[in-house]
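Let me begin by presenting the structure, written as structure tokens, before commenting on it.
Naming: A, B, ... by sequence-line order, numbering from 1 per chain.
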Protein chains: 2
Amino acid sequence: MSDSALIEAARDFNRFYTNFLGVLNRAYLDTPFTLTDARVLFEIGSHDGIGAVTLARDLQLDPAYLSRILKRFRAEALIEAKPDPSDLRSQIISVTDQGRAQFQDLGRRSSAQIAERFEGLALGEPHSIVSAMTTIRTLLDPNAASAPAIIRAHRPGDIGWIVQSQAKAYTDEYGWDMRFEGLVADVAGKFLNNFDPQLEYCWIAERNGINVGSVLIANGGDGVAKLRLLYVDKAARGLGLGKTLVDECIRFASAKKYRQISLWTNDILHAARSIYVKTGFRLISEEKHCMFGPQENCQTWVLDL
Amino acid sequence: MSDSALIEAARDFNRFYTNFLGVLNRAYLDTPFTLTDARVLFEIGSHDGIGAVTLARDLQLDPAYLSRILKRFRAEALIEAKPDPSDLRSQIISVTDQGRAQFQDLGRRSSAQIAERFEGLALGEPHSIVSAMTTIRTLLDPNAASAPAIIRAHRPGDIGWIVQSQAKAYTDEYGWDMRFEGLVADVAGKFLNNFDPQLEYCWIAERNGINVGSVLIANGGDGVAKLRLLYVDKAARGLGLGKTLVDECIRFASAKKYRQISLWTNDILHAARSIYVKTGFRLISEEKHCMFGPQENCQTWVLDL
DNA sequence: ATAATTTAGTTGACTCAGTCAACTGAATTA
DNA sequence: TAATTCAGTTGACTGAGTCAACTAAATTAT
């Protein structure tokens, strides 16, 4: 999966959507408002009591320009502005009844344009469009509240995801080669092929329907649980997800009466290492190797239960 | 979700995306081009020989305004325009080398902005965004021609993708269980671990930066090439991609002097089966099994080279 | 407590992106 | 052959948006 091809596709969409929005915004053609006017009025209407600075920041407008627009709106009695008692420099802006009427009219026009576009579509298509829009927005909007991650058992495809994400991450971040993906695929395949639901488990952390982390416990025999394939995606690091996953493993291993958890890692994986330390694992052996290209120290850690 | 709720959600997305595009278009801030300039230059660059009327229609620009922009571009030697011999009123516009350089620079800036946005996202997220964009575009743009798929060698992560996509597809479509994912992971892992670049290869079909198909050739010894893990994603079926992939395998196996290609499949996979028939494979054995849950007939096919 | 700096918002002065109407000359239709 | 349409250009304009300089309140530094 090529990043640059993804970017090209995104650019292509942006060109298309620039045009598309251009067409939609003709809704305002026979009103006395420009697109910017409409955006401002809309923003005030839906955030009553907003200040000019916030408004300018949210809509990415020049303060001077915004000031003039607000002045005009005030002159036309679409909005009212009174000084904020807690900070006399700034003002509290709200729409008048007349302004609200205009704002609703603009809304109706805009809705009508979209309704027209949706008109010719098949039954489920508008729904598909809107859920695709939601996907994009959730992922691109930094202000969209980031959903909490949920942790669940693995489902079909998840093991493949583990292979893919680890291979991609460790080749990108540490320059490991193809052999690493081979190893992960092997470990993952063996886990599935010998899967014992009584004594083994695979946890997947998921956010907005997208996998962001994993770990699994495999039976190593002799009362030893092997903790394997701990991984947290770049986008979800720093949230304590790794620790949560390891805690999950420890709880499971205890409940299943394992006497020890053991794991194999590389010293370069600092974040993982610090989780192991925090959860009480101890390093019992270390060895140089070049299994994946660059020289690393592989380490074995254990936790007695 | 009711119609009006859908429309509201679409409007909300449009407001968000208007802002978002505004931010992206800052890429042009420190160039001598406006957004409109960039759009025009881009359109000419990618449709060499386009006429001014088409250009104005595609970009929804006023002909007078466009005329002035083109005049300026001509003065700056970014484009050339010669009269269309079949209609002396209209002109054939094309970019000069200098114009192409500018156009590519603008492209780089725009790509960089998007890359920056994609930077902090999780592995699958840019992919989700782009496929959501494709959904929207396909449904809203009646002229959208789906991009052609390209076929390339595998890269890190692709083997994991193969495991994931096949596991997901076959559990969804045929109700196969986890053992299938285990088998695929195993085959894929072995392929990577014993990979012989001289005699083995893995092809990935990609569209809009999204993987949509795969196949691989592994050395089975004795002059026999094993064709494995042929797969075409639901979204890209019916385009002949499967056949293209198999043809690629046959060409490769011939060039590498294999004497035979053999493969293992299940009779329920009708599309694959018809490709094998078409490309000259013959069925040599068939056997009932319940390896993945439902009862299937597994089949071995061979093609002598 | 006072001075220096920052912040919210406004105003003057400007420019250039974009619009509208009227035109030229070639192509098409009546 | 005349009337109409079409591709593209030019004149004349306007108003959306920008930049710098300002006022006055609030905050921070001394």
| query | For DNA chain C, whose closest nucleotide is more 5', that of B:S86 or that of A:R89? | reply |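 Its nucleotide being nearer the 5' end, the pick is A:R89.
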Quickly work out the [X] [atom1] to [N] [atom2] distance and round it to whole Å.
{"X": "A:D62", "N": "C:dG9", "atom1": "CG", "atom2": "P", "value": "14 Å"}
{"X": "B:L35", "N": "D:dT18", "atom1": "CG", "atom2": "P", "value": "13 Å"}
{"X": "B:I69", "N": "D:dT9", "atom1": "CD1", "atom2": "C1'", "value": "14 Å"}
{"X": "B:R72", "N": "D:dT10", "atom1": "CZ", "atom2": "C1'", "value": "16 Å"}
{"X": "A:R57", "N": "C:dT7", "atom1": "CZ", "atom2": "P", "value": "13 Å"}
{"X": "B:L66", "N": "C:dA17", "atom1": "CG", "atom2": "P", "value": "14 Å"}
{"X": "B:Q91", "N": "C:dA27", "atom1": "CD", "atom2": "P", "value": "14 Å"}
{"X": "A:K82", "N": "D:dA25", "atom1": "NZ", "atom2": "C1'", "value": "19 Å"}

| said: Heavy-atom nearest nucleotide on DNA chain D for B:V53 versus A:T36: which residue maps closer to 5'? | reply: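 Checking each residue's closest nucleotide, the 5'-ward one belongs to B:V53.
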| message | Which is more 5' along DNA chain D, the nucleotide nearest A:T34 or the one nearest A:A64? Just name the residue. | response |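 The residue closer to the strand's 5' end, by nearest nucleotide, is A:T34.
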| Less than 4.5 Å apart, any side-chain heavy atom of B:R74 and any of B:E80? |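 Counting from C-beta outward, B:R74 and B:E80 never come under 4.5 Å.
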| Between B:D141 and A:F20, is any pair of side-chain heavy atoms under 4.5 Å apart? |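 No, too far: nothing below the 4.5 Å cut-off.
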| said: For a quick check, tell me whether the side chain of A:R68 and the base of D:dG15 share a donor-acceptor pair closer than 3.5 Å. | reply: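 Not at all, since no donor on one side and acceptor on the other fall under 3.5 Å apart.
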| query | Is B:D37 paired with B:R72 through a side-chain N to carboxylate O contact shorter than 4.0 Å? | reply |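 Salt bridge present between B:R72 and B:D37.
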| said: Can you confirm whether or not the ring centre of A:Y17 sits under 6.0 Å from the ring centre of B:F13? | reply: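 So the answer is yes for these two rings.
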| message | Students often get this wrong, so: under 4.0 angstrom with heavy atoms, is B:A52 touching a base, only sugar-phosphate, or nothing? | response |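 Answer is sugar-phosphate: B:A52 comes under 4.0 Å of backbone atoms only.
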| query | Base, sugar-phosphate, or nothing: which does A:R74 touch, judged by heavy atoms less than 4.0 Å apart? | reply |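 Counting heavy atoms under 4.0 Å across all strands, the contact made by A:R74 is with sugar-phosphate only.
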| field | Distance-only polar pair, side chains of B:D158 and B:N211, donor-acceptor under 3.5 Å | value |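 Indeed, the side chains of B:D158 and B:N211 share at least one donor-acceptor pair under 3.5 Å.
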| request: Taking only the side-chain nitrogens and oxygens of B:S90, find out if one of them lies under 4.0 Å from OP1 or OP2 of D:dA7. | output: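 Answer no for this pair, as no side-chain N or O of B:S90 is under 4.0 Å from OP1 or OP2.
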| query | Closer than 4.0 Å, any side-chain N/O of A:K71 to the OP1 or OP2 of C:dT11? | reply |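 It does, given that an N or O in the side chain of A:K71 lies less than 4.0 Å from OP1 or OP2 of C:dT11.
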Can you tell which of [options] lies closest to the side chain of [X]?
{"X": "B:D87", "options": "C:dA27, C:dA17, D:dA24", "result": "C:dA27"}
{"X": "B:L88", "options": "D:dA20, C:dA17, C:dA26", "result": "C:dA26"}
{"X": "B:P63", "options": "C:dA27, D:dT9, D:dT10", "result": "D:dT9"}

